[in-house]
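Per chain, numbering begins at 1; letters A, B, ... match sequence-line order. Note that this is a predicted model, so its numbers are computed, not measured.
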There are 4 protein chains.
Amino acid sequence: MSSTSARPARARSAEEKHQRRDDILRAAERLWTTTSYAELSMNQVAREAGLAKGTLYLYFDTKEELFLALLSEHLHRWISATADLFLERQPRTPEGVAAVLLHHAEHLTPLRRLLVLLGTVLERNVRPELALEFRRDLDQQLRRLVGHMPYAPDTAMRVLRHLYAMTIGWQQLSESLPGTDPVTAQLRAPQDTDLYGEFELALRAIVGQLAAGTLVAS
Amino acid sequence: MSSTSARPARARSAEEKHQRRDDILRAAERLWTTTSYAELSMNQVAREAGLAKGTLYLYFDTKEELFLALLSEHLHRWISATADLFLERQPRTPEGVAAVLLHHAEHLTPLRRLLVLLGTVLERNVRPELALEFRRDLDQQLRRLVGHMPYAPDTAMRVLRHLYAMTIGWQQLSESLPGTDPVTAQLRAPQDTDLYGEFELALRAIVGQLAAGTLVAS
Amino acid sequence: MSSTSARPARARSAEEKHQRRDDILRAAERLWTTTSYAELSMNQVAREAGLAKGTLYLYFDTKEELFLALLSEHLHRWISATADLFLERQPRTPEGVAAVLLHHAEHLTPLRRLLVLLGTVLERNVRPELALEFRRDLDQQLRRLVGHMPYAPDTAMRVLRHLYAMTIGWQQLSESLPGTDPVTAQLRAPQDTDLYGEFELALRAIVGQLAAGTLVAS
Amino acid sequence: MSSTSARPARARSAEEKHQRRDDILRAAERLWTTTSYAELSMNQVAREAGLAKGTLYLYFDTKEELFLALLSEHLHRWISATADLFLERQPRTPEGVAAVLLHHAEHLTPLRRLLVLLGTVLERNVRPELALEFRRDLDQQLRRLVGHMPYAPDTAMRVLRHLYAMTIGWQQLSESLPGTDPVTAQLRAPQDTDLYGEFELALRAIVGQLAAGTLVAS
DNA sequence: CATGAATGAGCCTTCATTCAT
DNA sequence: AATGAATGAAGGCTCATTCAT
């Protein structure tokens with residue numbers, strides 16, 4: 001069933017409950033790497049987590065809230081790690097900034113797919129207060145990240161917006177019609193062109209463009 | 001019901017059958033401007049087309065194939081129009097090229113939303129042969145477009161790839177969590193930043209980058 | 001499964017559709033004689049009718065609407081039969097009137113149980129327009145019945161109200177805790193007291209009371 | 001939460017346990033005045049009582065048993081009070097008897113609704129032994145009440161049966177399809193007819209009928 | 001005794017697809 | 001070719017009850 005080996009039968013303490021919630025998120029995450037949102041049923045998540053279906057609803061009110069939580073988590077993690085990396089590297093050039101922003105990009109497929117969900121399906125069936133909380137929290141996190149970037153806040157935010165759009169776009173591009181005869185795949189990058197390289201190139205270009213003459217002392 | 005004037009008798013000739021198929025696509029298109037894929041049922045499409053549900057399946061094997069056909073159509077239309085515009089304007093600068101590529105961008109929301117679908121849901125439940133056909137056809141079209149662009153084929157194709165990614169990305173960005181408290185909307189562009197402008201800026205930057213020193217005699 | 005022997009596979013004509021709808025109502029009715037509303041699932045109804053679950057929802061929007069239709073039907077039937085009986089017998093005494101109103105009372109258990117439902121559960125999850133239609137229709141029917149009773153309309157309506165209340169009351173009384181040791185059943189009528197007789201007595205008493213000096217020429 | 005002042009520690013003595021049981025019944029009672037049986041969850045009762053869900057099951061085996069206990073209590077209370085009133089007033093006329101039986105009728109809505117439950121839902125999922133006990137106990141109480149009525153035991157019991165039936169019937173009638181267009185509400189009493197008045201009238205009529213020539217020395 | 005996390009059968013309902021007409 | 005009634009798997013979700021703590 002699940003990978004978690006031993007687990008208390010009942011989550012009593014707040015800590016255990018957090019752990020249980022985490023178990024569910026981990027289960028969803030595992031399935032998420034191979035399955036689309038529509039195909040992924042709560043039943044499956046429950047089975048993967050080694051829990052009963054009803055238990056899921058003890059921790060998340062709806063399927064959408066579960067996945068919003070997963071997105072939130074991944075976003076936090078990325079923002080945190082990226083902020084730290086800015087602090088550590090203190091990049092001064094567009095290339096350096098882009099490099100920080102793209103650090104570990106190859107491991108972020110789940111996050112990118114979740115971001116696609118956000119604009120597609122997550123907005124529905126989530127309690128408005130939760131949606132608001134998600135946004136507030138995200139804003140706060142982003143502000144922190146912006147603070148570590150070597151640009152004026154407005155510029156930094158614009159950079160992030162472009163990153164966001166590009167991230168989604170290239171993610172989608174990379175998923176389009178997989179399994180199609182590669183010979184005829186033309187829009188799809190040829191063998192020797194890696195999508196990731198293109199993404200990087202684009203980001204560098206846009207950062208360079210936006211950053212022109214706006215470097216600030218951090 | 002719909003815009004189709006007369007009640008459909010039997011489509012006998014190939015031409016009539018093509019017309020019937022087109023009616024269905026037009027109906028789907030009308031609904032598509034206001035409704036998400038999941039919310040849009042085959043029943044609705046049938047009603048909008050003034051046809052019975054079963055009739056749809058005479059022309060399209062699955063819901064996905066119907067929408068793939070719609071995407072194909074929009075893509076064709078855009079490629080054609082854009083190729084013509086290249087021919088007409090013969091742009092020589094990145095700005096000019098970007099301007100051609102973004103021409104009528106504001107009317108392309110349905111196409112952009114269909115492109116999002118492609119990577120999300122259209123890939124499933126489509127007969128492989130149809131998927132292949134779609135790709136072949138698209139490639140052919142793209143080659144034609146590439147031929148009209150003032151760059152080497154490889155470069156031109158790269159530009160198109162970036163356009164594709166950005167298109168999807170900004171489309172998604174523009175749809176994320178609407179209705180959320182605007183005060184806290186930070187990732188979302190502030191009032192005075194228009195998404196479209198950012199998109200344009202990014203495209204120009206990337207075209208400029210890719211095109212550097214690669215202008216060819218068309 | 002069902003008792004209906006032969007049946008068209010698909011109900012095409014309006015008549016066949018009415019028949020199919022009727023099949024469902026008949027199936028629900030059969031189950032209703034032995035099962036409580038909460039215990040009676042749509043699944044069971046479908047099975048009993050020899051149809052798929054989804055088919056039920058082609059004819060009734062919700063479980064409640066199905067049972068409201070069943071109630072409506074039974075009510076119609078009773079009102080019609082009773083109005084006819086008034087016409088035929090032209091009763092002039094309270095006893096005669098009561099006898100008409102109680103005619104076939106022993107076969108009306110399903111109706112009585114449905115009436116109990118009305119005030120308990122049917123009011124919820126029914127489209128307001130349908131509820132209104134039910135009431136309008138019922139009122140019209142009742143007016144017709146009242147027209148055949150040998151009393152002024154107001155008095156006749158009061159009689160019906162009392163009949164309604166008593167019907168429900170005695171029905172409930174007859175259902176209370178069945179299977180309980182009869183020796184100790186005290187509130188419950190002893191062997192030699194039949195509930196129905198009591199019901200009749202009460203109705204006669206109330207009709208006599210209300211009718212005192214109000215006989216009209218019908 | 002509720003009206004229970006202190007948070008419940010452990011109920012050790014029999015008295016404390018009785019108190020705890022009572023707390024639960026009081027909580028259920030409070031909710032019962034505003035909520036239907038189906039809508040009223042054990043969770044709510046627990047919360048209202050300031051207890052955990054599991055604790056309820058220490059005192060009542062099922063939801064049904066909890067409500068049967070509540071009914072039993074209300075019935076006791078009413079029987080006691082009514083017996084006392086007979087003793088005090090010593091009514092000799094049907095009007096007097098009816099008046100005693102209907103004393104405080106306007107406060108008995110919860111009891112009436114519980115009686116409706118009895119025939120509908122309480123009969124299921126209750127241990128037979130408990131059902132039997134309920135009946136035995138009720139019989140005993142009723143015998144006491146009958147002893148205070150100015151009729152022969154059989155007659156008195158018949159009066160009570162009629163009261164029971166009418167009580168339920170008028171209760172249900174008063175609840176049927178609330179919120180429906182009053183214009184079309186025909187079965188429902190018109191503005192100037194009060195349900196309670198009708199109920200009283202009916203009871204008087206039936207008592208008069210049954211009591212004819214059967215007055216006994218109490 | 002008390003807790004409340006966990007259970008899981010079962011609910012009603014939807015809708016892409018099929019197929020008898 | 002066209003119909004639309006029928007299908008039925010699958011969905012998300014509820015809640016009385018249990019049981020490890």
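- Summarising the geometry, atom CD belonging to D/E64 is positioned 9.5 Å from atom CG belonging to D/L117; distances are rounded to the nearest 0.5 Å.
- Taking a cutoff of 4.0 Å between a charged side-chain nitrogen and a carboxylate oxygen, D/R26 and D/E73 qualify as a salt bridge.
- With sequence neighbours excluded, the residues satisfying ring pair (Phe, Tyr, Trp, His ring centres under 6.0 Å) with C/Y37 are C/F67.
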How does DNA chain F read in dot-bracket, base by base from 5' to 3', with Watson-Crick or G-U pairs under 3.5 Å and | used when the partner is on another strand? .||||||||||||||||||||
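- Put simply, CG on A/L66 and OH on A/Y59 are 13.0 Å apart, with the number rounded to the nearest 0.5 Å.
- A close approach under 4.0 Å does not occur between any side-chain nitrogen or oxygen of D/R47 and OP1 or OP2 of E/dG4.
- With contacts defined as side-chain heavy-atom distances shorter than 4.5 Å, the pair B/R20/B/L51 qualifies.
- A straight line from OH of A/Y57 to C1' of F/dC13 spans 5 Å, rounded to a whole angstrom.
- At least one side-chain nitrogen or oxygen of D/K63 sits closer than 4.0 Å to the OP1 or OP2 atom of F/dA16.
- A donor-acceptor contact under 3.5 Å is formed by the side chain of C/R10 with the base of F/dA5.
- Across the interface with DNA chain E, nearest-nucleotide mapping of C/N43 and A/Y59 shows A/Y59 to be the residue nearer the 5′ end.
- Residues C/Q44 and C/L40 share a closest heavy-atom pair of NE2-CA, 3.9 Å.
- Distance CD (A/E16) to C1' (E/dG4): 13 Å, rounded to an integer number of Å.
- Remark: D/N125 is in phosphate contact with F/dT17, judged by side-chain N or O atoms under 4.0 Å from OP1 or OP2.
- When heavy atoms are screened at a 4.0 angstrom cut-off, B/T55 is found touching base atoms of the nucleic acid.
- Within residues 31-39 of chain A, no residue has any heavy atom closer than 4.0 Å to DNA chain E.
- Toward the 5′ end of DNA chain E lies the nearest nucleotide of D/A52, the other residue of the pair C/S41 and D/A52 mapping further downstream.
- Between the side chain of A/K53 and the base of E/dT7 there is no donor-acceptor pair of N/O atoms closer than 3.5 Å.
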